[in-house]
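Here is the structure we will look at, set down as structure tokens.
Quick caveat, the model's predicted, so the values are computed rather than measured. Numbered from 1 within each chain, the chains take letters A, B, ... in sequence-line order.
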Amino acid sequence: MSYTEVPELPEVETIARGLANAVAGKTIGSVTVTMRKIAVAPEGEVFEQALAGETIAGVGRRGKYVLFQLASGRRLAVHLRMTGRLIVQPVGYSEPYPYTHVRLAFSDGSSLCFADVRQFGRMRLLAADDPWDADGGVEPLSEGFTSEAFLSMLDGRRTPIKTFLLDQTRIAGVGNIYACEALWEAGIRPSRPSHKISRPARRRLHGAIRNVLNRSIEARGTSVDDYVDAEGLKGGFQNQLAVYGRLGEPCSRCGKPIVRTVIGQRGTWWCRGCQK
DNA sequence: CTGAGATCCTGGGGGC
DNA sequence: TGCCCCCAGGATCTCA
């Protein structure tokens, strides 16, 4: 069984860095939208018209969103959800990438396709004065995500720690893979009520979240099957996964078989032997 | 606050 | 080999 990679913070970071190299400075000539629900424009505007003529000043990331900073001061926020892809096509590609729903044609003849088999992803154009800030969670690799801040975030929260880690209004960018991996690294049972976790264990988890995300970014994210990023490169973190998708395999720390349970309606991989 | 369940989608895995 | 069924999964919404 294979598990489709879903872009989380490290994957989105990798994609954004690739796009920054590939499309920053380009000017959008025309925009084609073939699936209306994917492309969201500010109130009273038409997506294609609003975007045409814009120049891409830079590309970054906020949580799991790819953020295109436009020269006018507007932003284009893209969420890839499950199967969304941002594919750069060099000059000469007449056919859009398969499952393309939105295509930005640049004035130099190259283009950017937003493709998405399952149609869950969205491209949202934000007005210059829109205070949009993703879902508001703290960036786990920022200076603001201190150990002390994380420790107190868990106070009084009865929700399972795994569910807490996936809450984008608390911490931005952590998804199923890295929640599982960080909990394994910290030796914490995913179903543990957040407020019952000891201070030392909270500190371990804080470090584990950052460590796992940083290591994955270094490896250019987690790839499964033939996935490649905007530069045509595969990620490598799938080779470092300790528990995610490894049902039945021996835990590299204690040897007990990895199990899969469901927590908060999400598949959760962990080790009964060393996650308490 | 918290959780359960439904919804949106489709490819592909599993069962027969 | 072929076909049908059903599930995964992030975010969001309703309901309890």
Side-chain N or O of [X] versus OP1/OP2 of [N]: is the shortest distance under 4.0 Å?
X        : N       : value
Tyr65(A) : dG10(C) : no
His79(A) : dA11(C) : yes
Tyr99(A) : dG11(B) : yes

Without decimals, in angstroms, what is the distance between [X] [atom1] and [N] [atom2]?
X         : N       : atom1 : atom2 : value
Asn176(A) : dA8(C)  : CG    : C1'   : 10 Å
Arg192(A) : dT2(B)  : CZ    : C1'   : 19 Å
Trp269(A) : dG9(C)  : CH2   : C1'   : 10 Å
Leu166(A) : dT12(C) : CG    : P     : 14 Å
Gln168(A) : dG9(C)  : CD    : P     : 15 Å
Arg85(A)  : dT10(B) : CZ    : P     : 16 Å
Arg81(A)  : dT12(C) : CZ    : P     : 6 Å
Asp135(A) : dT12(C) : CG    : C1'   : 10 Å

Of the listed nucleotides dT2(B), dA11(C), dA8(C), the one nearest the side chain of Arg118(A):
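When the side chain of Arg118(A) is considered, dA8(C) is the closest of dT2(B), dA11(C), dA8(C).
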
What's the closest nucleotide to the side chain of Arg157(A) if the choices are dA11(C), dG9(C), dC1(B)?
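Nearest to the side chain of Arg157(A) among the choices is dC1(B).
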
Would the distance check show the side chain of [X] and the main-chain N or O of [Y] forming a donor-acceptor pair, the cut-off being under 3.5 Å?
X         : Y         : value
Glu181(A) : Val243(A) : yes
Gln240(A) : Ser216(A) : no
Arg246(A) : Leu241(A) : yes

Distance criterion of 3.5 Å, no angle test: do you see the side chain of Arg122(A) paired donor-to-acceptor with the base of dA11(C)?
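No.
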
Measure all distances between protein nitrogen or oxygen atoms and nitrogen or oxygen atoms of nucleotides 3-7 of chain B, and list the pairs falling under 3.5 Å.
from	atom 1	to	atom 2	distance (Å)
dG3(B)	OP2	Thr159(A)	OG1	2.7
dG5(B)	N7	Gln265(A)	NE2	2.7

Atom pairs and distances, side-chain donor-acceptor, residues 28-35 of chain A, under 3.5 Å, sequence neighbours left out:
from	atom 1	to	atom 2	distance (Å)
Thr34(A)	OG1	Thr100(A)	O	3.3
Thr34(A)	OG1	His101(A)	O	3.1

Does anything in residues 170-190 of chain A form a ring-ring contact (aromatic ring centres under 6.0 Å, His included)? List the pairs, not counting sequence neighbours.
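Output for this query lists Tyr178(A)-Phe237(A).
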
Students often get this wrong, so: under 4.0 angstrom with heavy atoms, is Asp116(A) touching a base, only sugar-phosphate, or nothing?
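Counting heavy atoms under 4.0 Å across all strands, no contact is made by Asp116(A).
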
Heavy atoms only, 4.0 Å cut-off, all strands: where does Gly175(A) land among base, sugar-phosphate and nothing?
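No contact at all - Gly175(A) keeps every heavy atom at 4.0 Å or more from the nucleic acid.
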
Side chain proximity check, Phe114(A) to Leu112(A), heavy atoms < 4.5 angstrom
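Sidechains of Leu112(A) and Phe114(A): no contact.
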
Check Gln168(A) against Gly173(A) and note the closest heavy-atom contact, atom names and distance.
OE1-N, 2.9 Å

